[in-house]
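All values below were derived from every heavy atom in this structure, side-chain atoms included, with hydrogens, water molecules and symmetry-related copies excluded. The structure displayed is predicted, hence computed values, not measured ones. Letters A, B, ... mirror the listed sequences (proteins, then strands); counts begin at 1.
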Number of protein chains: 2
Amino acid sequence: MPASYKAPLTDLRFALYDVLGVEPLFQRLGYTDATRDILDAVLDEAARFTETVLAPLNSVGDEIGSQLDKATGEVTTPPGFKAAYAQFVEGGWTGLTASPELGGQGLPHTMGVPLNELVNASNLAWGNFPLLSHGAVEALKHHGEAWQQEIFLKPLVEGRWTGTMCLTEPHCGTDLGLLKTKAEPNADGSYAITGTKIFITAGEHDLTDNIVHLVLAKLPDAPPGAKGISLFVTPKFKVARDGTVGERNALSCGSIEHKMGIKASVTCVMNFDGAQGYLVGQPHKGLQAMFTMMNTARLGVGLQGIGLSERAYQNALRYARERLQTRSLSGAKFPDKPADPILVHPDVRRMLLTVKSLVEGSRLLALHAGTLIDIANHAENPTERERADTLVSFLTPISKACQTEWGIENTYHALQCFGGHGYIHEHGMEQLARDARITTLYEGTTGIQALDLMGRKTAATQAAGLKLFLADVHAFVQQHKDDASLTEFIDPLQQKAAEWAGLTKNILQRAAANPEEIGAASTDYLFYSGYVVLAYWWARSVAAAAASPHGDAFKQAKRETARFYFARILPRTLSHAAAIESGADTLMAMDDARFGD
Amino acid sequence: MPASYKAPLTDLRFALYDVLGVEPLFQRLGYTDATRDILDAVLDEAARFTETVLAPLNSVGDEIGSQLDKATGEVTTPPGFKAAYAQFVEGGWTGLTASPELGGQGLPHTMGVPLNELVNASNLAWGNFPLLSHGAVEALKHHGEAWQQEIFLKPLVEGRWTGTMCLTEPHCGTDLGLLKTKAEPNADGSYAITGTKIFITAGEHDLTDNIVHLVLAKLPDAPPGAKGISLFVTPKFKVARDGTVGERNALSCGSIEHKMGIKASVTCVMNFDGAQGYLVGQPHKGLQAMFTMMNTARLGVGLQGIGLSERAYQNALRYARERLQTRSLSGAKFPDKPADPILVHPDVRRMLLTVKSLVEGSRLLALHAGTLIDIANHAENPTERERADTLVSFLTPISKACQTEWGIENTYHALQCFGGHGYIHEHGMEQLARDARITTLYEGTTGIQALDLMGRKTAATQAAGLKLFLADVHAFVQQHKDDASLTEFIDPLQQKAAEWAGLTKNILQRAAANPEEIGAASTDYLFYSGYVVLAYWWARSVAAAAASPHGDAFKQAKRETARFYFARILPRTLSHAAAIESGADTLMAMDDARFGD
């Protein structure tokens with residue numbers, strides 16, 4: 001049977017209400033309608049929709065995939081996808097956190113986080129269709145001219161149109177300074193966009209009447225490199241300045257990629273042949289505008305890792321309870337059955353608890369980032385806004401990269417719990433693993449996130465984000481330092497926080513003499529950071545559970561999972577710290593030729 | 001373009017001749033024909049065959065897969081597979097290490113190791129067809145009656161027939177005591193086998209005229225559980241005691257599995273409907289006979305991890321040299337090009353060096369195991385034979401599990417070096433990753449290997465295998481303790497060897513009080529062991545390279561890779577040691593219900 005899914009509402013509510021305290025937060029930020037009953041109703045309805053509409057389409061999407069008709073350039077999504085999208089639009093989900101004047105529901109940004117987790121868990125490939133609209137909205141909202149906002153925002157927010165991000169070209173992905181797509185001015189103030197873009201998610205599909213491409217291209221007078229890139233809004237069907245939708249624009253999907261997973265997600269080669277586009281923002285400042293989209297998208301991709309992990313966990317747990325195989329080493333636990341369920345075996349428990357502790361910890365990392373975006377946008381105090389902005393910038397690469405890397409690890413463990421059966425298509429576990437594999441690649445690979453964390457967010461800011469995070473840790477420690485029931489978590493957390501600061505200082509010192517030290521430390525530093533961040537959230541979870549109205553079993557489960565995390569996962573920091581401290585020499589010494597023939 | 005492949009002959013020769021010293025060893029063991037020129041010719045010819053015949057069929061096999069005609073029960077392998085198999089047989093490769101009286105080439109077992117690495121690297125799915133014949137030969141050679149050996153061994157050795165291992169049933173894989181397949185005596189001394197087996201690799205195909213199934217089943221008077229299992233040889237076409245091949249036996253392939261990878265490898269549901277089989281070995285002693293097959297097969301699967309890793313490395317390295325993207329953080333390295341090749345970036349180097357150090361280290365672990373099998377079979381001195389047997393038993397689960405887990409890690413890194421392009425089918429990297437995913441599952445999952453290592457090979461023997469390995473380490477250290485150029489490797493190796501002994505002692509002490517400690521420590525202990533074993537081989541590699549006729553660039557590459565390994569990979573032992581020392585409590589405390597709904 002295909003992988004089943006049930007939205008983890010209890011844990012989401014615990015994270016939102018008991019750990020993060022979003023009820024008073026939302027009120028303080030002016031979201032007066034975002035009361036507990038409204039939030040609960042949103043979660044319930046999101047669970048119903050994703051469990052019953054999206055989740056059953058997940059294996060269908062994998063088996064049939066999206067298909068391109070080369071003759072017409074039209075893409076057909078798998079059966080059920082279009083109807084599900086119509087229901088999603090009908091339910092107002094595309095604009096859940098957008099402002100009512102744009103046709104949105106006006107809920108806090110934070111509430112988009114659980115929605116995205118649920119969508120991604122139930123159907124990652126489907127979720128990629130609405131995903132990038134959100135980024136397009138952000139880019140147009142912050143950088144578009146008034147008339148562009150007027151014309152494009154409402155259809156995007158309401159989901160009648162979807163958006164794309166057209167960055168990558170065959171010869172450039174990370175290094176957008178190399179891009180070749182050209183934008184030449186037309187007489188009417190628009191631009192003619194010409195070039196080839198690749199890896200364009202949802203570049204073509206049959207879910208909506210129009211598709212809004214946000215395209216990076218170079219103006220004729222562009223300075224070379226990354227400082228000469230401009231952003232253009234270029235719809236599939238032309239849109240006049242008065243909003244009238246006209247003829248087909250000169251752009252088309254040339255082919256779609258055959259991928260390891262997310263087979264229903266359409267990954268297009270897009271050909272622009274003098275397509276009509278409008279400049280968004282200032283000439284040559286396109287990259288900054290695109291970063292607005294990218295940060296949102298990165299946090300969104302991080303949620304894909306959590307969603308897949310949660311679904312993988314649920315299925316592995318079910319299998320571990322049902323599958324009878326051998327006896328417990330400490331004596332039969334179910335002597336009336338032919339063998340014990342494999343959940344009795346410590347190594348199976350190790351795998352499941354690894355997933356559980358990483359998923360529940362990650363969920364707080366992601367939701368916390370959501371609250372920081374709300375604070376950065378809506379707090380009255382500008383210092384508080386700036387603080388939240390700095391902190392979420394720091395946490396974004398950690399969230400994106402760790403949650404997706406853990407997504408790969410978690411789907412690995414869950415598949416492994418199934419033994420050979422995990423490798424067979426029908427159980428759905430191998431699809432989760434294949435789908436997860438894209439998440440550490442798109443929207444910036446893990447290596448790119450690590451460089452962003454270590455370079456832009458740490459070295460370039462004298463570790464401003466880290467200092468804010470460590471201040472939060474310190475405040476938590478101070479608040480609970482007399483609670484003996486938390487000592488087992490607080491002591492190692494404090495120790496790791498101090499170690500983290502020390503490692504950072506050492507790296508920055510070494511980097512002053514040799515800039516390669518930044519790249520050499522980056523990925524190990526990223527993981528190190530992720531594990532300490534989760535230790536903080538696990539300590540806070542135990543404290544919050546104790547103070548919550550939840551029952552003893554829930555509190556006990558949080559404490560036991562936290563104990564597992566501190567005993568078995570947090571020690572991964574030891575090897576990352578050792579790798580960091582070993583410096584750049586062992587990486588840089590080898591001459592290119594000596595790597596091999 | 002699909003993933004290319006070139007057999008790593010230089011490194012294989014270094015490992016065989018310079019590190020392991022197989023030339024004098026083979027002579028000492030009586031393989032007088034196994035001279036350097038013969039061995040070199042075998043390696044050259046194996047390279048030519050695998051590079052030119054098997055490697056080009058790898059992507060074909062993935063795209064087309066093997067197909068079952070449900071009406072006839074016949075399986076058609078992908079185009080080219082049958083012709084390649086005929087060439088393999090023609091070249092005498094199936095019997096490379098078998099004795100000449102059985103139609104083999106009479107080379108040492110060790111020489112099968114590079115052959116299998118090359119076959120697996122070039123085409124893993126294809127390699128699964130001949131793979132299990134070797135195990136069938138071993139089982140029949142050691143446990144079969146003389147007439148069975150007479151009839152079955154030669155066709156298997158010569159590759160005219162292939163073998164299978166029919167163990168798993170729908171409700172039992174690890175726990176074979178639960179199996180239901182029945183064997184009822186016929187009047188002529190044969191048995192009627194009835195039952196359903198699943199996951200039967202190469203259970204049906206079109207490569208050979210006959211297929212020899214070795215089937216586990218229960219006799220009518222079988223005691224319950226694992227002590228009541230017998231082994232039967234059950235060919236696809238009946239074979240009379242005089243060797244005459246007769247009619248179709250009452251067995252057939254009911255369906256083939258749809259898998260994540262190795263799509264050309266046929267994974268069959270086999271239905272036995274009173275099929276004629278002959279008892280192999282003693283009644284109820286089938287599991288012991290099957291273990292003979294399994295140990296061979298486990299080492300063979302370990303080589304799959306190495307082969308896939310090597311191919312992944314070669315392609316990632318080529319891509320890292322060709323792909324131009326951004327500049328080195330320490331300044332442009334190729335200012336005349338539009339950007340630097342990504343090989344300049346420390347994080348890309350980290351990924352490549354991780355793969356390189358794990359592959360080259362694993363190669364020695366695997367080849368060493370090969371030499372131990374030759375010593376165990378052919379040394380004059382019985383003490384030496386027994387020592388080699390104990391040591392290879394200890395190293396088998398480490399070799400199988402670590403090499404396959406590293407295979408997954410290595411194909412992960414190599415794919416990651418390609419960025420988004422790695423996720424696209426046409427580059428072949430995602431196939432390597434999907435193919436690798438089976439290797440930690442079949443022939444005993446990693447968790448099962450870990451239990452074998454920790455329980456049967458360590459706790460049950462008072463760590464006999466470990467003591468022998470540590471004695472080898474000690475001898476090496478003594479031999480080189482005055483060589484200052486090796487101190488940087490010898491010191492940490494010594495320290496880790498002592499730590500390994502201490503950890504083992506602690507686990508066994510805790511296990512005396514609580515048997516769950518065995519399972520709780522097992523997987524972390526397995527990885528810990530694997531990393532220390534590789535540290536030993538890296539230290540020996542540096543020493544052997546220095547004393548070898550290889551050029552300075554080769555010696556330097558070995559030293560630099562070893563330095564990377566000691567600085568960046570060996571520290572993984574820190575987190576595994578911490579997890580081991582944390583004991584079983586955090587795994588066992590959680591009540592089943594608290595794992596989740």
Side-chain angles (χ1 to χ4, degrees), chain A residues 173-175 178 199 257-260 317 325-326 329-330 338-339 343 345-347 349-350 352 416 419-420 422-425 430 437-438 441-442 445 447 450 515-516 518-520 522-523 553 556-557 560 563-564 567-568 571-572 574-575 578-579 582 584 586-590 592 594-596, chain B residues 173-175 178 199 257-260 317 325-326 329-330 338-339 343 345-347 349-350 352 416 419-420 422-425 430 437-438 441-442 445 447 450 515-516 518-520 522-523 553 556-557 560 563-564 567-568 571-572 574-575 578-579 582 584 586-590 592 594-596:
Chain A
T174 298
D175 191 356
L178 300 174
F199 296 168
E257 306 291 353
H258 298 100
K259 305 186 300 294
M260 184 181 188
L317 176 58
Q325 208 75 182
T326 77
L329 286 181
S330 55
L343 183 56
H345 302 307
D347 197 57
R349 293 172 154 253
R350 181 188 60 81
L352 288 168
Q416 194 73 15
Y423 200 66
I424 306 299
H425 179 70
E430 61 90 33
R437 190 64 188 84
I438 187 60
L441 297 165
Y442 61 14
T445 61
E516 300 293 5
I518 294 288
S522 58
T523 294
Q556 187 67 8
E560 287 163 347
R563 279 184 177 150
F564 169 84
R568 294 243 169 196
R572 295 182 186 182
L574 298 172
S575 42
S582 75
T586 58
L587 297 176
M588 305 314 291
M590 191 176 277
D592 291 7
R594 291 197 292 275
F595 274 83
Chain B
T174 298
D175 191 357
L178 301 173
F199 296 167
E257 305 292 353
H258 297 99
K259 305 186 297 295
M260 184 181 188
L317 176 57
Q325 207 76 181
T326 76
L329 286 181
S330 55
L343 182 56
H345 301 307
D347 197 57
R349 294 172 154 255
R350 180 187 61 82
L352 287 169
Q416 194 75 14
Y423 200 66
I424 305 300
H425 180 69
E430 62 89 30
R437 191 63 189 87
I438 187 61
L441 297 165
Y442 61 13
T445 61
E516 300 292 5
I518 294 288
S522 59
T523 294
Q556 188 65 8
E560 286 163 348
R563 280 185 179 149
F564 169 84
R568 294 242 166 196
R572 295 183 185 182
L574 298 172
S575 41
S582 74
T586 59
L587 297 176
M588 305 314 291
M590 189 176 278
D592 291 7
R594 289 197 293 275
F595 273 83

Problem set entry | For chain B, the option from A:Ile518, A:Leu343, A:Thr174 that forms the most heavy-atom pairs under 4.5 Å | A:Leu343

Problem set entry | Minimum-distance pair of heavy atoms, taken over all atoms of A:Ser582 and B:Arg568 | OG-NE, 3.4 Å

Exercise. If you count heavy-atom pairs under 4.5 Å with chain A, which of B:Met588, B:Glu560, B:Arg350 comes out on top?
Worked result: B:Glu560

Seminar exercise, completed: Rounded to the nearest 0.5 Å, the CZ atom of A:Arg349 sits from the CZ atom of A:Phe564 at a distance of 11.0 Å

Problem set entry | Among A:His258, A:Lys259, A:Met260, the one residue meeting side-chain contact (heavy atoms from CB on, under 4.5 Å) with B:Glu430 | A:Met260

Exercise. What pairs with B:Phe199 under ring pair (Phe, Tyr, Trp, His ring centres under 6.0 Å), at least two apart in sequence or on another chain?
Worked result: A:His421

Problem set entry | chain B interface, residue from A:Leu352, A:Thr445, A:Leu329, A:Leu574 that has the most non-hydrogen pairs under 4.5 Å | A:Leu329

Exercise. Most heavy-atom pairs under 4.5 angstrom with chain B, which of A:Gly420, A:Ala578, A:Ala584, A:Gly422?
Worked result: A:Gly420

For this session: May I ask you to name which of A:Thr586, A:Leu178, A:Thr326, A:Asp175 has the most heavy-atom pairs under 4.5 Å with chain B?
Result: A:Asp175

For this session: Please flag which part of B:Ser522 lies under 4.5 Å from any non-hydrogen atom of chain A: side chain, backbone, both or neither.
Result: side chain

For this session: Mind checking the CE-CZ spacing from A:Met590 to B:Arg563? Nearest 0.5 Å is all I need.
Result: 10.5 Å

Exercise. Counting distance only, does the side-chain N/O of B:Glu516 pair as donor-acceptor with the main-chain N or O of A:Pro346 below 3.5 Å?
Worked result: no

Seminar exercise, completed: Honestly, the part of B:Ile424 sitting under 4.5 Å from a heavy atom of chain A is both

Seminar exercise, completed: Most contact-rich option vs chain B, by heavy-atom pairs under 4.5 angstrom, among A:Gly173, A:Ala450, A:Gly447, is A:Gly173

For this session: Name the member of B:His425, B:Gln416, B:Gln556 that forms the most heavy-atom pairs with chain A at distances under 4.5 Å.
Result: B:Gln416

For this session: Using a 4.5 Å cut-off on heavy atoms from C-beta on, say whether the side chain of A:Glu257 contacts that of B:Tyr423.
Result: no

For this session: Tell me, please, which residues at least two apart from A:Arg437 pass salt bridge (Lys or Arg N to Asp or Glu O under 4.0 Å).
Result: none

Problem set entry | Residue part contacting chain A, namely of B:Leu317, when any heavy atom lies under 4.5 Å | side chain

Exercise. So which part of B:His345 gets closer than 4.5 Å to some heavy atom of chain A, the side chain, the backbone, both or neither?
Worked result: neither

